[in-house]
Amino acid sequence: MNDRTPVYKLNSDLCSNLYVKREDMIPYSFGGNKARKARLFFEEIDAGDYDYVVTYGSSHSNHCRVVANMAAQRGLKCLIIGPQEVSDETYNSRIMEILGAEIITVPVDQVSETIDHKLQELKDSGHKPYFIMGGGHGNIGTRAYAQCYSEIKKFEQEEGIFFDYIFFASGTGTTQAGLVCGQLLEGDDRKIVGISIARKNPRGRDVVVDSIRDYLKGEGGSAAGTITEEDIQSATIFIDDYTGDGYGADSSEISAVIEDALVRYGMPLDGTYTGKAFFGMEDYIKKNKLSDKTILFIHTGGTPLFFDELNKKRGK
Ligand SMILES: *Cc1c(COP(=O)(O)O)cnc(C)c1O
């Protein structure tokens with residue numbers, strides 16, 4: 001990406017050097033980390049002769065929204081396979097519909113076989129489908145956030161500062177894996193802290209570690225040779241205390257953080273990703289007494305979910 005997303009300081013009571021990087025302001029389809037990842041997937045799609053894009057995700061998925069948009073822009077067909085269990089109407093699902101995506105929902109335990117089946121069916125009927133894993137998971141998605149790490153470094157060099165901590169919402173862990181790969185390849189000493197929005201440890205953390213290994217092996221270049229397993233393990237901080245069913249993160253607390261961020265900073269957060277991550281970061285700062293550190297929060301997007309949340313408040 002040529003244009004870097006904005007980074008600026010927040011007027012926080014909790015930490016006098018708290019900055020935010022606004023990935024939600026990537027200027028494509030309401031932005032977010034899925035837009036940064038999808039841009040790289042579509043570079044590959046544009047270079048091939050694909051006529052179909054197939055991916056999966058729920059009706060809430062920011063990833064599916066952005067992929068549907070990029071496919072529609074190119075006149076490519078887009079097939080989205082999603083779990084029946086999470087198929088209620090949302091702003092993201094309505095945008096996917098406007099974009100003409102074909103959406104198939106099946107029970108969650110049939111998603112994987114349905115994808116295989118549909119891909120085969122398309123190939124058999126003469127199509128050339130490109131498959132993107134849910135959330136833009138995989139080395140291409142990881143590369144997007146290794147690139148984001150370079151943007152952060154450029155900002156630091158220009159401003160003459162150094163972020164001791166970087167916080168963000170971690171889901172499939174691809175965003176985290178990319179940032180950590182950037183850090184490891186640069187040899188920087190700082191803490192990159194993923195706040196889990198759903199997965200529990202050890203699985204959540206293991207998935208991040210796997211993605212890091214995959215990326216370093218495939219795309220790390222010569223610098224990756226000096227990175228040890230121990231380096232990878234100690235650089236991967238995946239906090240699962242704020243997933244919602246865990247302690248200290250009930251929905252009223254998250255709502256309070258969302259309202260506070262809107263009032264204080266004019267910054268929309270949502271209840272699934274950024275609100276949880278911001279809540280988790282604030283709690284982590286308090287518990288670990290980090291108020292004198294220089295900290296970056298990456299706003300990973302999800303703007304349509306902010307409006308879903310407003311509807312929920314109305315009981316719609
Ligand atoms: C998908 C998503 C995340 C999590 O990103 P991963 O790379 O899957 O960890 C965080 N925030 C928002 C808004 C998202 O849509």
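Counting convention: from 1, in listed order, for ligands and their atoms alike. Heads up: numbering here begins at 1 and tracks the sequence.
- Checked for salt-bridge contact, R190 and E156 meet the test: a charged N lies under 4.0 Å from a carboxylate O.
- Near G302, the atoms of ligand 1 lying under 4.0 angstrom from a non-hydrogen atom of the residue are 13 (C).
- The atoms of ligand 1 that sit less than 4.0 Å from any heavy atom of T172 are 6 (P), 7 (O), 8 (O), 9 (O).
- Listed by number with element, the atoms of ligand 1 under 4.0 angstrom from any heavy atom of T300 are 10 (C), 11 (N), 12 (C), 13 (C).
- Distances below 4.0 Å separate heavy atoms of T174 from the following atoms of ligand 1: 7 (O), 9 (O).
- By the 4.0 Å N-to-carboxylate-O rule, K153 lies close enough to D188 to be salt-bridged with it.
- Which parts of ligand 1 touch A169 is read off a 4.0 Å heavy-atom cut-off, strictly below it: atoms 4 (C), 10 (C).
- Atom CG of L99 sits about 4.5 Å away from atom CG of N69, to the nearest 0.5 Å.
- At least one heavy atom of K37 sits less than 4.0 Å from an atom of ligand 1.
- Between Y273 and ligand 1, a contact under 3.5 Å exists for no N or O pair.
- Of the polar atoms of G135, none of the N or O atoms is found under 3.5 Å from an N or O of ligand 1, judged by distance alone.
- A donor-acceptor pair is defined here as one N or O able to donate and one able to accept, closer than 3.5 Å; such a pair exists between the side chain of S12 and the backbone of L14.
- Using a 4.0 Å cut-off between charged nitrogen and carboxylate oxygen, E44 and R39 do not count as a salt-bridge pair.
- Atom 4 (C) of ligand 1 has its nearest heavy-atom neighbour, among G31, S196, G171, G57, in G171.
- The distance from atom CZ of F131 to atom CG of D116, rounded to the nearest 0.5 Å, is 8.0 Å.
- Considering backbone and side-chain atoms alike, T274 places every N or O at 3.5 Å or more from each N or O of ligand 1.
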Side-chain donor/acceptor pairs under 3.5 Å, residues 268-275, sequence neighbours excluded:
| from | atom 1 | to | atom 2 | distance (Å) |
| --- | --- | --- | --- | --- |
| D270 | OD1 | T272 | N | 2.6 |
| D270 | OD1 | Y273 | N | 2.7 |
| D270 | OD2 | T274 | N | 3.2 |
| D270 | OD2 | T274 | OG1 | 3.0 |
| T274 | OG1 | D270 | N | 2.9 |

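- For the pair K128 and D49, the salt-bridge criterion is met [side-chain N within less than 4.0 Å of a carboxylate O].
- Between R4 and E158 there is a salt bridge, with a side-chain nitrogen of the basic residue lying less than 4.0 Å from a carboxylate oxygen of the acidic one.
- Between G301 and ligand 1, no N or O atom pair is found at a separation short of 3.5 Å.
- Atoms of ligand 1 lying under 4.0 Å from at least one heavy atom of K34, given by number and element, are 1 (C), 2 (C), 3 (C), 4 (C), 5 (O), 14 (C), 15 (O).
- Considering both main-chain and side-chain atoms, N33 comes within under 3.5 Å of ligand 1 through a nitrogen or oxygen pair.
- The atoms of ligand 1 that sit less than 4.0 Å from any heavy atom of T175 are 5 (O), 6 (P), 7 (O).
- Shown in contact with N62 at under 4.0 Å from a heavy atom are these atoms of ligand 1, numbered in order with element: 13 (C), 14 (C), 15 (O).
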Under 3.5 Å, side-chain donor or acceptor atoms of residues 218-232 against the rest of the protein: list the pairs with distances, not counting sequence neighbours.
| from | atom 1 | to | atom 2 | distance (Å) |
| --- | --- | --- | --- | --- |
| E219 | OE1 | R143 | NE | 2.8 |
| T226 | OG1 | A223 | O | 3.0 |
| T228 | OG1 | E230 | N | 3.4 |
| T228 | OG1 | D231 | N | 3.0 |
| T228 | OG1 | D231 | OD1 | 3.3 |
| T228 | OG1 | D231 | OD2 | 3.1 |
| E229 | OE1 | R213 | NE | 3.0 |
| E229 | OE2 | R213 | NE | 3.4 |
| E229 | OE2 | R213 | NH2 | 2.8 |
| E229 | OE2 | Q233 | NE2 | 2.9 |
| D231 | OD2 | T228 | N | 2.9 |

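- Put simply, part of G173 is less than 4.0 Å from ligand 1, judged by heavy atoms.
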